[in-house]
Amino acid sequence: MKYIFNLIIILALASVAGIIYFYSQIKIDISKIVDYNPKLTTHIYDKNGDLVAYIFDEENRQYAKFSEISPRIIEALIAIEDTAFFEHGGINYEAIFRAAIKDIQAMSLVEGASTLTQQLVKNMLLTREKKFTRKLKELIISYEVEYTLTKEQIIERYLNQVYFGHGYYGIKTAALGYFKKNLDELSLKEISMLVGLPKAPSSYDPTRHLDLSLSRANNVLLRMHNIGWITTKEYQAAIKETPKIYDQTLTQNKAPYLVDETIKQLAPLYPDIRYGGYKITLNADLKVQEIAQNALKFGYNEILKRNKDANTTVLNGAMIVTNPTNGDILALVGGVDYAKSNFNRATQSSRQPGSSFKPFIYQIALNQGLSPQSKIADISRIYEGVNKNNKEDQDWKPKNFSGNFKGLITLNDALKQSRNLATINLLNSIGLDVIQRDLEDFGFKDIPNNLSIALGSFGVSLMDYSEQYSIFPGLGTRHETRLINFVENKNGEIFKFEPKSSEIIKPEQAYLMIKMLQDVVNNGTGRSAKVDGIELAGKTGTTNESVDAWFCGFGPEIQVLIWYGNDNNTPMRYVEGGSRTAAPVFKQFMQEYINEYPQTKRKFDMPPSVYRKVYNGVDALYTTTSPLPKEQNNILEKQDREGIIF
């Protein structure tokens, strides 16, 4: 007997020594669990607080603090997974003994006895292989975790870490994904379905195997009833319930072009933008975004109706909607179908603006002292040595779209009718150096040293162009386009993106241009953009051979830039242009916008330093800088009659 006792003592000491040695060999750092910092989903919201999209790197996880997790969820979880959770120290010896008997009977590892702590350790630090050494590591580390963390902290980490199927990590993500409910809104049956998922997430995914998911939930309910944690009435009611299940995509992306640009702008500031758990609030409005998307698609379909042979693989469009009084981007649509092409034509593409650029030339003329009633020469000329890159023909012979010319014409009528020759002659009279200098003040970059800039013969993106166009409805102040309002990190710290603006010209001078562009919409090339009941202004733009079609329009507090063309810069049909292709889309958008926001401002404010007078039978506006001509003839008229070649 003494021999057996000594043998037992020796074996026990050897076992303890072996465990101590084994423990000393374990090199696993539990800080990953203790200092829990999982990858979290970033949320993007519009200005009204409506969800635009979820973005994440590998794991779609929305974090739930312990205070957000209802006691009922905890009860359901430990009832089915680890009933003695709050009593044991990380290891349930009784459960291990029961499992060991079954394993011995089967001569293999068939029965598990893992506590929630062990499951957390296995999930975060170890592999899932069924080996004794792995199991021993799990037991030892679980002890250490229980010694370091509270039970509440372990529960919080477990429910945020585990996989719940369908791409959902963490119980909060699963609740929102499967049921579109917050944790405190879940029914007992829904809770039971969720806590039953981690055992076999794919098998119990209710979007694919609802019958298995409900059966598993009923087992959870039965267990809770058997141990007295729910009443018979609660049990029977929950058993009968079949919750509504939502089978939806993970990202919930309602505006992909908008989201892409958001990530692009924030990534340099926040390298972990996709997994840092940020809450991003945009200046965009999902309602406006939808109106813009529908309007752009409407214009696209109209082109296809006119040309059934159009190449739909390259034909596309883009639109940007802003508040020109502060630069807020309300909508951003980079193409007619993101699923076919994620290239953002509103931000990444540089297209020639054509005649939509003319207002900037005329604004400079106004700032130089001319008025909308000043006259310029709409006559044909040959400009020698302009096309220096063309060895065969270095002369430039521009013409009007109509092919004719009208002689002397007021600035207002020249812009209203989009007269090319008048605009080129105006630019030439002012001087290319002056024009380039002032355009740089407006915010344009890399302006060619060429008279053809009068016709918008250089590239510009919609986003940049929108900022520059804001000078007009902004009454002389250029507002930087601003997509993001603020970013909140997971610690609740907020970074605000403040609006930036700068006064470029005097308000009264910009107002003269507003009225000229109103005339374009009411009586000129932009008539198809007119909407009753609101003052609108804007300019059409069409480049050579209908490669680009534009409309840039605005009301007192909303601005819309629209572009259509082929991605490969080939011409559209000759009938496509700013007036026919883009302007009706502006009208379509504005009508829907007004229906959605009937309170929108309807009239432009006239600065007090703008004056009006009947001049040559016209109700004319003027300022101190831009007085009315003393005579019908003006300095440019005399200058333009002096010769044909400049």
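The chain is numbered in sequence order, starting from 1.
A distance-only check finds a donor-acceptor pair linking the side chain of Arg527 to the backbone of Gly524 [under 3.5 Å]. Checking side-chain atoms of Asn307 against main-chain N and O of Ile303 turns up no donor-acceptor pair under 3.5 Å. In this structure, Arg345 contributes its side chain and Phe343 its backbone to a donor-acceptor pair below 3.5 Å. When atom types are taken as modelled, the side chain of Gln559 and the backbone of Ser466 share a donor-acceptor pair closer than 3.5 angstrom. Remark: the backbone N or O of Ile55 is not paired with any side-chain donor or acceptor of Arg274 at under 3.5 angstrom. The main-chain N or O of Pro598 is found under 3.5 Å from a side-chain atom of Arg602 such that the two form a donor-acceptor pair. Between the side chain of Ser350 and the backbone N or O of Val460 there is at least one donor-acceptor pair closer than 3.5 Å.
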- prompt: Going through the distances and angles, do Lys358 and Ser418 end up as a side-chain hydrogen bond (donor to acceptor under 3.5 Å, both in side chains)?
  reply: CA-CA 8 Å; Lys358 289 176 181 175; Ser418 197; 3.0 Å; yes
side-chain hydrogen bond (donor to acceptor under 3.5 Å, both in side chains) between Thr423 and Tyr362, worked out: CA-CA 8 Å; Thr423 307; Tyr362 285 79; 2.8 Å; yes
message: Please determine whether side-chain hydrogen bond (donor to acceptor under 3.5 Å, both in side chains) holds for the pair Lys496 and Asn485, giving the CA-CA distance in whole Å, both sets of side-chain angles, and the decisive distance to 0.1 Å.
response: CA-CA 6 Å; Lys496 177 82 172 177; Asn485 188 350; 2.4 Å; yes
query: Given the rule in the side-chain hydrogen bond (donor to acceptor under 3.5 Å, both in side chains) test, do Asp337 and Tyr300 qualify, once you have shown the distances and angles that lead to the verdict?
result: CA-CA 10 Å; Asp337 190 344; Tyr300 178 81; over 6 Å; no
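For the pair Phe458 and Asn450, the minimum side-chain heavy-atom distance is 4.5 Å or more. Side-chain contact between Lys587 and Ser528 is absent, with no heavy-atom pair separated by less than 4.5 Å. Using a 4.5 Å heavy-atom threshold, the side chains of Phe554 and Phe604 count as touching. The side-chain heavy atoms of Leu462 and Thr347, taken from C-beta on, include no pair separated by under 4.5 Å. Proximity of Asn566 to Val547: side-chain heavy atoms (C-beta onward) are nowhere separated by under 4.5 Å. At a threshold of 4.5 Å between non-hydrogen side-chain atoms, the residues Phe357 and Leu455 do not count as touching.
The only option from Leu332, Ile329, Val288, Val333 that meets the side-chain contact (heavy atoms from CB on, under 4.5 Å) definition with Val321 turns out to be Val288. With Phe551 as reference, Phe586 is the one residue of Tyr564, Phe586, Phe589 to meet the side-chain contact (heavy atoms from CB on, under 4.5 Å) rule.
Atom-to-atom distance recorded for Leu561:CG and Cys552:SG is 3.5 Å, nearest 0.5 angstrom. Atom CG of Asp46 and atom CG of Asn283 lie 10.0 Å apart (nearest 0.5 Å). Atoms CD and CD, on Glu596 and Glu290 in that order, are 8.5 Å from each other to the nearest 0.5 Å.
Between Leu536 and Met590 the shortest heavy-atom distance is CD2-CE, 3.9 Å.
Of the N and O atoms on the side chains of Asp285 and Tyr597, at least one donor lies less than 3.5 Å from an acceptor on the other residue.
Ring-plane geometry between His43 and Tyr45 is classed as parallel, the angle between the planes falling under 30 degrees on a 0 to 90 degree scale with a further cut at 60. A tilted orientation is assigned to the rings of Phe360 and Tyr465, their planes being inclined by 30° to 60°.
Applying the salt bridge (charged side-chain N to carboxylate O under 4.0 Å, His left out) test to every pair with at least one member in residues 314-329, sequence neighbours left out, gives these pairs: Asp328-Arg482.
Between Tyr615 and Tyr622, the gap from one ring centroid to the other reaches at least 6.0 Å. Taking the six-membered ring wherever Trp is involved, the centroid distance between the rings of Tyr270 and Tyr278 falls below 6.0 Å.
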Name the atoms and distances for all side-chain donor-acceptor pairs under 3.5 Å in residues 509-519, with sequence neighbours left out.
residue : atom : partner : partner atom : Å
Gln509  : OE1  : Thr623  : OG1          : 2.5
Gln509  : NE2  : Leu366  : O            : 3.2
Gln509  : NE2  : Ser626  : OG           : 2.8
Lys515  : NZ   : Gln518  : OE1          : 2.7
Asp519  : OD1  : Asn523  : ND2          : 2.5
Asp519  : OD2  : Asn412  : ND2          : 2.7

